[in-house]
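Following: one structure in structure tokens, then a few remarks.
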Number of protein chains: 2
Amino acid sequence: MTDPSDSLRRQEILKRAARLFRRSGFERTTVRQIAAALEITSGSVFYYFESKEELLVAIMEDGIRDVHAAVAEGLAAKRGVAEKLLAMARCHLTALLGSNLDSLMVLLYEWRSLSPAAMKRVLASRNRYEDLWDRELAAAAARGWVDSDTVLVRQTVLGALNWAGQWYRAGSRFGIDALAHRMFAILMPRVHEQLDQGARSVPTGSSLPAALAQSGASPPIFGIQPTGAFSK
Amino acid sequence: MTDPSDSLRRQEILKRAARLFRRSGFERTTVRQIAAALEITSGSVFYYFESKEELLVAIMEDGIRDVHAAVAEGLAAKRGVAEKLLAMARCHLTALLGSNLDSLMVLLYEWRSLSPAAMKRVLASRNRYEDLWDRELAAAAARGWVDSDTVLVRQTVLGALNWAGQWYRAGSRFGIDALAHRMFAILMPRVHEQLDQGARSVPTGSSLPAALAQSGASPPIFGIQPTGAFSK
DNA sequence: GTCTATATGCGGATAGAC
DNA sequence: GTCTATCCGCATATAGAC
């Protein structure tokens, strides 16, 4: 097999695979299902990817590259530490909950299916991404705006943000930017106070309970979804 | 098959299955592996459980029952709203990170493998548990101690707590109680201020970075673990 | 490039001996 | 209760026609 890395078909396969992997998990999803969703046969999938695992690795590497790029860009566009941290939270959440939701959720929850070699590569990318956060959080801690245990702060903040992937659903009248701002105010109130007046006001949007009542769903503490993909 | 629900052997199987499900995922784990870990054969497992899925359901129901009981107990032992919320966070984290870590992680991350009927039962239990939180958070919101969007607060707080299951490892010199207190102070600072002096001081324990440096691990933003269970 | 057909192995579950 | 042996279906991956 050649490696037409940017073939259009290859991208279609990746996108569809990511959606199915998120819905049903890597193991439960079969190559036949991915192929059927694109109205091709499983043999064709193996023309583009040597193995099912290569699909998973490609999805994860795309995902982590996208979130890193988005956050680095948001970071570069701001000056102050507080503004930078807000931008990072907003960009992280946008990357996670936006058009890359499938890939990012696969990255977050399917890493056990990686081979050791692939795991090593993804870990290296992850560590580079964490460094972005640690640098800004250290600056905030030096000013007394967050707990001095910056690793704990990073885990707490990003844990809460990542968890949003479990319950946030697009189309709610509560937009991602408004959500990011509001979570930021909850998670780093002292940093939030440092923002200048204009930036501090929370973007408008109906309250979350109203938006969710509209959609009829109840956001979970545990990851269980009322309308998940079932086994059969 | 009879249903010796509280047979000792049955408990052993559940415990071992939970460990393997957490490490490798429900799908990757085979009944033969579970049996081999207990030095029995797969046929014996099917004497205690009708199917592999029944194993999963039992693990999850045990898990959610345990965390609910722990939090309800912590709640009942306290008077003030602030004290109740701190106790809830501590009990939730203790249930998650303590001896039930395997079961709770399976509950959090393997729900896609549930059949619709089983999902319905687990969802009902989950909703009852969420009610415990919503009641106390509403009381805190009424006093202006947390954002008025109590659903968002619940998702944020419990997301951060649940995420700790991804990175916290027992044996760190940073105990669970100290961790709970510190995360509580980060996540609900206004509530934390309401605690009386004695309760407000954070329990001692070396800082998290030190404890982690000791263990040589770096806590992840994404769930990927340096020392996870690999495919083979 | 996409297809059909198939090799190959594995996993859940069952039957029945002990 | 635990075992051995086995059925059955399915999934990854390959070979080779078109």
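In what follows, every chain begins at residue 1, and chains take the letters A, B, ... in the order their sequences are listed.
- Under the side-chain hydrogen bond (donor to acceptor under 3.5 Å, both in side chains) criterion, E136(B) pairs with no residue, sequence neighbours left out.
- Between the CZ atom of R10(A) and the C1' atom of dT2(C) there is a distance of 17 Å, given to the nearest Å.
- Separating the CD1 atom of I34(A) from the P atom of dT2(C) is a distance of 15 Å, rounded to the nearest angstrom.
- The distance between atom OH of Y48(B) and atom C1' of dT2(D), rounded to the nearest whole Å, is 9 Å.
- No donor-acceptor contact under 3.5 angstrom links the side chains of S113(A) and E53(A), judged on distance only.
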Could you tabulate the donor-acceptor pairs under 3.5 Å formed by side-chain atoms of residues 174-181 of chain B, not counting sequence neighbours?
| unit_1 | atom_1 | unit_2 | atom_2 | d |
| --- | --- | --- | --- | --- |
| H181(B) | NE2 | H192(B) | NE2 | 3.4 |
| H181(B) | NE2 | A199(B) | O | 3.1 |
| H181(B) | NE2 | R200(B) | O | 3.4 |

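- A search for side-chain hydrogen bond (donor to acceptor under 3.5 Å, both in side chains) contacts involving Q33(A) returns nothing, not counting sequence neighbours.
- Annotation: the terminal axes of the helix from dG1(C)-dC18(D) to dC18(C)-dG1(D) meet at 0°, where each axis is the rotation carrying the C1' atoms of four end pairs onto the next four (5 pairs per end, rounded to 10°).
- Rounded to whole Å, atom C1' of dG1(D) lies 10 Å from atom CD1 of I40(B).
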Next on the checklist: Base contacts versus sugar-phosphate-only contacts with protein, heavy atoms under 4.0 Å: please encode nucleotides 11-17 of chain C as B, S and - from 5' to 3'.
Outcome noted: BBBB---
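- Counting to the nearest Å, the P atom of dG1(C) and the CG atom of L8(A) are 12 Å from each other.
- Taking 4.0 angstrom as the limit, Y47(B) places none of its side-chain polar atoms (N or O) nearer than this to OP1 or OP2 of dT2(D).
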Residues 38-46 of chain B side chain polar contacts: donor-acceptor under 3.5 Å, at least two apart:
none

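- Note on T41(A): every side-chain N or O is 4.0 Å or more away from OP1 and OP2 of dT2(C).
- Residues passing the salt bridge (Lys or Arg N to Asp or Glu O under 4.0 Å) test with D102(B), sequence neighbours excluded: R22(B).
- Scanning for side-chain hydrogen bond (donor to acceptor under 3.5 Å, both in side chains) contacts around R121(A) gives E61(A), with sequence neighbours left out.
- Partner L96(A) forms a side chain to side chain contact (heavy atoms under 4.5 Å, CB included) with one of V67(A), L108(A), L107(A) and no other, that one being L108(A).
- Residues passing the salt bridge (Lys or Arg N to Asp or Glu O under 4.0 Å) test with R9(B) are E12(B), sequence neighbours excluded.
- Side-chain nitrogen and oxygen atoms of S44(A) include none within less than 4.0 Å of the OP1 or OP2 phosphate oxygen of dG1(C).
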